[in-house]
Amino acid sequence: MANLSDIVTSAFWRVNPPDADPVETREWLDAFDALVESEGRERATFLLRKLLDHARARRVPLPPVLNTPYKNSVALADQQQFPGNLELETRISSMVRWNALAMVVRANRAHPELGGHIASYASAADLFEVGFNHFFRADDLVYFQPHSAPGVYARAYLEGRLSEEHLNHYRQETGGKGLSSYCHPYLMPTFWQFPTGSMGLGPLNAVYQARFMRYLADRKILDSAKTRKVWAFVGDGEMDEPESLAGLSLAAREGLDNLIFVVNCNLQRLDGPVRGNGSIVQELEGLFAGAGWNVLKLLWGSDWDPLFARDVDGVLLKRLHETVDGEFQTYAATDGRFNREHFFNKYPELRQLVADMSDDDIDRLKRGGHDPLKIYAAYHEASRHEGQPTVILAQTKKGYGMGLWGQGKMGTHQQKKLDDEALRAFRDRFALPLSDEDAAQLRFYHPGAASPEIKYLLERRKNLGGFLPARKMKAEAIAVPALAAAARNQSTTMAFVQLLAQLLKDEKLGRRVVPIVADEARTFGMQTLFRQFGIYSALGQLYEPEDHDELLYYREAKDGQILEEGITEAGALSSWLAAATAYSSHGTPMLPFYIYYSVFGFQRVGDLIWAAGDSRARGFLIGGTAGRTTLAGEGLQHQDGSSHLVAATVPNCRAYDPCFAQELALIVQDGARRMLEAQEDVFYYVTVTNENYDHPGIPPDASEGVLKGLYLFRKKEKATIQLMGSGPILREVIAAADLLEKDWKIQANVWSVTSFTELRRDGMRAERARRFGGDATSWVGKSLANAKGPVIAASDYVSAVADLIRPYVPGKYVVLGTDGFGRSDTRAALRAFFEVDARHIAVAALAALESPLAAEALERYGIEVAGRPPWER
Ligand SMILES: Cc1ncc(C[n+]2csc(CCOP(=O)(O)OP(=O)(O)O)c2C)c(N)n1
């Protein structure tokens, strides 16, 4: 077996292997140059292709074609000239760097528990600044690396958008006068647009945002979506998150040239190097290129240009290729003298190459991501590239400018305290006009509104359309039509599809409805929408679909309305998020409905839903085929018993588990009204199921209760017990009430619970009001005020869901739920197993009444009393 280090080393050499016959190589290359010269690049490409085919036929192994040498992709000759005032921009970026650092160190001097990061922004500063001064148009969408937030705040301070007071309260809420740790729109609703603090979500969301902008443009909803760009700043460590990679092929497949990723390759993550034994840049290049992206390497600053120019034998490149990232990190952490000794002096030719440079000159050699000229050239190229998304792999140094105290140091990510000497060194490094005392006191630096720096910076932003990031909180209000539900025998899923069709057909609102599925449209009976509304495809439909002669054929169209994402819940949720925040990002309200297997929502992509909460999303998540006993047959990994419990923890998510189509219609209509008319920052999670049954009308005065979460569905004059049920289990509750009356002559009231979670919130609100001296009763308390006897509640979810309202139920409260793993079986068998069928509910009622009939009922209903409870089996 080959030695691992040989394999790793050879991986580098594959790009630039040793040359056995340089003279022969030169002849080939000269011939090739002559060809390009005389017949042009196109002909050269043709011949290369022929040569590769020929080599394949001769079984000559091909070299890895996805990797290019370890140098800048934009050649010096092609480099667009930097149009800015470099001197002023350098001074501005130094000020931003200082203020960002001072903000973090100050906060931690005052409250060591607050935390924060210096080193990440220090590496990203120039990448951001060139963007701010030259590229980010006010209506572009920028996903910032989250722990670089101090830099974005520090810039906003120079721009006059944030005050010194804000900076002084970094990582403190301070009644709106502070600054949140990361990019949280929920906490800073007029500033941050996209939450990126959970690594991996930013890059994924950015891809789907860029795609959604295409959708808006292709559907002629928003013309400006054609020209705007999405920029995503991503950490090289962050690229290890599966979500960071999840959208890459879609972006390439859809030719999203409105999307630019900038991967900040400082070669470090939190604990250490990202690829100490390899090369993250080369690895990512292969990955992105393989996925079909345009890859631009931005590795070396301008002062490396003469070195590369003189490197005719390729010795510099050879040295770069044999250097693993762990060594590059050490070179970042050490000085010019060390770099000369250990990097350049390895080969005599290389030593010669830097012979006329002093150690200080070597120390000053910049990595590409710290040179505004090179950054500008890469951004310029990226923003003009057509037909593909672009990734810029920008090599930087983590903790750039933090000297001995942080640059390239293993623990630099966590560095948040610096002593006076370190502060003075930083000040000197960036030539800041601060006294020793200013530095020691961590005074923020602002050169004044009349200074050339501020005038320049404001002028640049003016030219680019205004400040960024800036978040809009409102958009035009749109009226929501009344929705009607049919009483016929059907599932709530089908009832939902009919409601969706009504919304889609509404004259004003219709075109703003975005149905989203992850390859489950047929599961939910939504194929009926394919023909009429079309499936969005940027290419239209290039084939005749197999079912073209059928009425409801699979129709793809450039103006298609349905987003059919394929099997990616993370992607579909990201699309939904882009649509659900379009009111803010695009000033264009949309109404997305993402329908999916409920178990693959809060459980599978819960963190994206949490980010949707942070983003103040407005839209509907529809948990389809929901419940642990209603989705029969599917078993352990499909049956969901917990999503409502998790939904309750997302503050702006309103979750409902309706049983009847009429309840569903009221909920959807009111939700849409709250989002589109009242412009409330809420989103809805509604579970629907695939069990068919009749949908009797609900009492005329039930609307308020449906929306609040509880209403009396069936009243009995002599009721001595109250039975509650949610979702499909309400029907078991109704059957249990019938059993109690028929078999045991006991009358029961039946209550429909449309939302235990909303009832819980209402109860907490009332309890809090009372605690603070007010007078309030919960909706549960009010509803049950005159109700007699114990209360039994059952749902298709873990018992903790129904248990949420225990504090507000007067008297005895017994809860039945579906705790345990799902199973493969019929609905009846599942409900018997989980003890939530009509018989078990009737027994629970008799037991709660402390009636001796309970034992009799167990026997009569053939209930097995031995054995372990379902959640222990
Ligand atoms: C999902 C997730 N896991 C872990 C973290 C904690 N975390 C914050 S920054 C960081 C390291 C980031 O490294 P990298 O992406 O290379 O960015 P750099 O700071 O080096 O620019 C980690 C692990 C997080 N924010 N999100």
Side-chain angles (χ1 to χ4, degrees), residues 97 100-101 104 114-129 131 142-152 171 180-184 192 194-206 231-246 261-276 278-281 283-284 287-288 298 325-326 328-329 332-333 367-370 375 391-402 406-416 570 573-574 604-612 614:
R97 282 173 183 282
L101 173 138
V104 178
L114 285 178
H117 303 90
I118 303 170
S120 301
Y121 176 68
S123 68
D126 300 294
L127 296 171
F128 285 12
E129 277 303 307
V142 184
Y143 292 72
F144 288 101
Q145 240 190 307
H147 37 293
S148 293
V152 182
R171 288 200 167 215
S180 61
S181 53
Y182 303 115
C183 326
H184 299 304
W192 292 119
F194 309 112
T196 50
S198 174
M199 316 209 88
L201 304 191
L204 179 64
N205 287 340
W231 295 77
F233 287 84
V234 190
D236 48 359
E238 184 175 9
M239 285 308 302
D240 277 342
E241 290 286 1
E243 290 85 354
S244 302
L245 305 174
F261 270 27
V262 181
V263 184
N264 176 6
C265 298
N266 57 30
L267 314 183
Q268 289 178 247
R269 45 181 164 74
L270 192 152
D271 283 339
V274 179
R275 293 289 183 274
S279 166
I280 189 63
V281 168
E283 183 177 325
L284 291 177
L287 205 64
F288 277 92
L298 165 58
D325 284 358
F328 275 129
Q329 183 190 334
R367 293 193 178 169
H370 297 308
I375 298 171
V391 60
I392 293 170
L393 302 173
Q395 186 170 235
T396 60
K397 292 179 180 174
K398 190 145 179 171
Y400 185 64
M402 289 169 75
Q407 182 172 294
K409 296 285 177 196
M410 207 52 97
T412 191
H413 190 89
Q414 309 282 68
Q415 177 74 274
K416 27 198 142 271
L573 208 292
S574 301
R604 181 67 174 253
V605 288
D607 203 25
L608 281 160
I609 301 179
W610 188 241
D614 192 343

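Heavy atoms only: backbone and side chains are in, while hydrogens, waters and symmetry mates are out. Quantities reported herein were computed from a predicted structural model and do not represent experimental measurements. In listed order, ligands and their atoms are each counted from 1.
Look at Gly197 and you'll find a heavy atom under 4.0 Å from some atom of ligand 1.
Put simply, atom 24 (C) of ligand 1 has protein non-hydrogen atoms near it, under 4.0 Å away.
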Before giving the answer on side chain to side chain contact (heavy atoms under 4.5 Å, CB included), spell out for Arg171 and Ser180 the whole-Å C-alpha distance, their side-chain angles and the decisive distance to 0.1 Å.
CA-CA 5 Å; Arg171 288 200 167 215; Ser180 61; over 6 Å; no
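Short contacts between ligand 1 and Ser198, defined as distances under 4.0 Å to a heavy atom of the residue, involve ligand atoms 1 (C), 26 (N). Applying the 4.0 Å criterion to heavy atoms of Leu270 picks out, from ligand 1, the atoms 11 (C), 22 (C), 23 (C).
Distance check, rounded to the nearest 0.5 Å: CG of Leu608 to CG of Asn205 gives 6.0 Å. Separating the CD atom in Glu243 from the CD atom in Glu238 is a distance of 10.0 Å, to the nearest 0.5 Å. Rounding to the nearest 0.5 angstrom, the gap separating the NZ atom in Lys398 from the CD atom in Gln407 is 13.0 Å. If you take CG on Leu204 and CG on Leu573, they are separated by 9.0 Å, rounding to the nearest 0.5 Å. In this structure, the separation between CG on Leu245 and CE on Met239 is 4.5 Å, given to the nearest 0.5 Å.
The nearest protein atom to atom 14 (P) of ligand 1, hydrogens excluded, is given as Gly237 N, 3.6 Å; this is a heavy-atom distance. If you check which protein heavy atom lies closest to atom 8 (C) of ligand 1, you get Met199 SD, 3.9 Å. Nearest protein heavy-atom contact of atom 18 (P) of ligand 1 is Lys398 NZ, 3.3 Å. In terms of protein heavy atoms, atom 15 (O) of ligand 1 is closest to Glu238 N, 2.9 Å.
Only the backbone of Gln268 comes within 4.0 Å of ligand 1, judged by heavy-atom distances. With a 4.0 Å heavy-atom cut-off, ligand 1 is reached by the side chain of Asn266 but not by its N, CA, C or O.
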Which donor-acceptor pairs under 3.5 Å do the side chains of residues 262-273 make with protein atoms, sequence neighbours left out?
from: Asn264; atom 1: OD1; to: Thr396; atom 2: OG1; distance (Å): 2.6
from: Asn264; atom 1: ND2; to: Ser123; atom 2: OG; distance (Å): 2.9
from: Asn264; atom 1: ND2; to: Gln145; atom 2: OE1; distance (Å): 3.1
from: Asn266; atom 1: OD1; to: Gln268; atom 2: N; distance (Å): 3.0
from: Asn266; atom 1: ND2; to: Ser123; atom 2: OG; distance (Å): 3.2
from: Gln268; atom 1: NE2; to: Lys409; atom 2: O; distance (Å): 2.9
from: Arg269; atom 1: NH2; to: Pro273; atom 2: O; distance (Å): 3.4

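For ligand 1, the polar-atom distance check finds an N/O of Ser120 within less than 3.5 Å of one of the ligand's N/O atoms.
When the options Tyr182, Phe233, Phe194 are evaluated for a ring-ring contact (aromatic ring centres under 6.0 Å, His included) with Tyr143, the one that passes is Phe194.
Taking all heavy atoms of Met239, Glu241, His147, Gln414 into account, the minimum distance to atom 12 (C) of ligand 1 is reached by His147. The closest heavy-atom contact to atom 17 (O) of ligand 1, among the options Glu243, His117, Gln145, Arg269, comes from Gln145.
In this model, no donor atom of one side chain and acceptor atom of the other lie less than 3.5 Å apart for Lys397 and His370.
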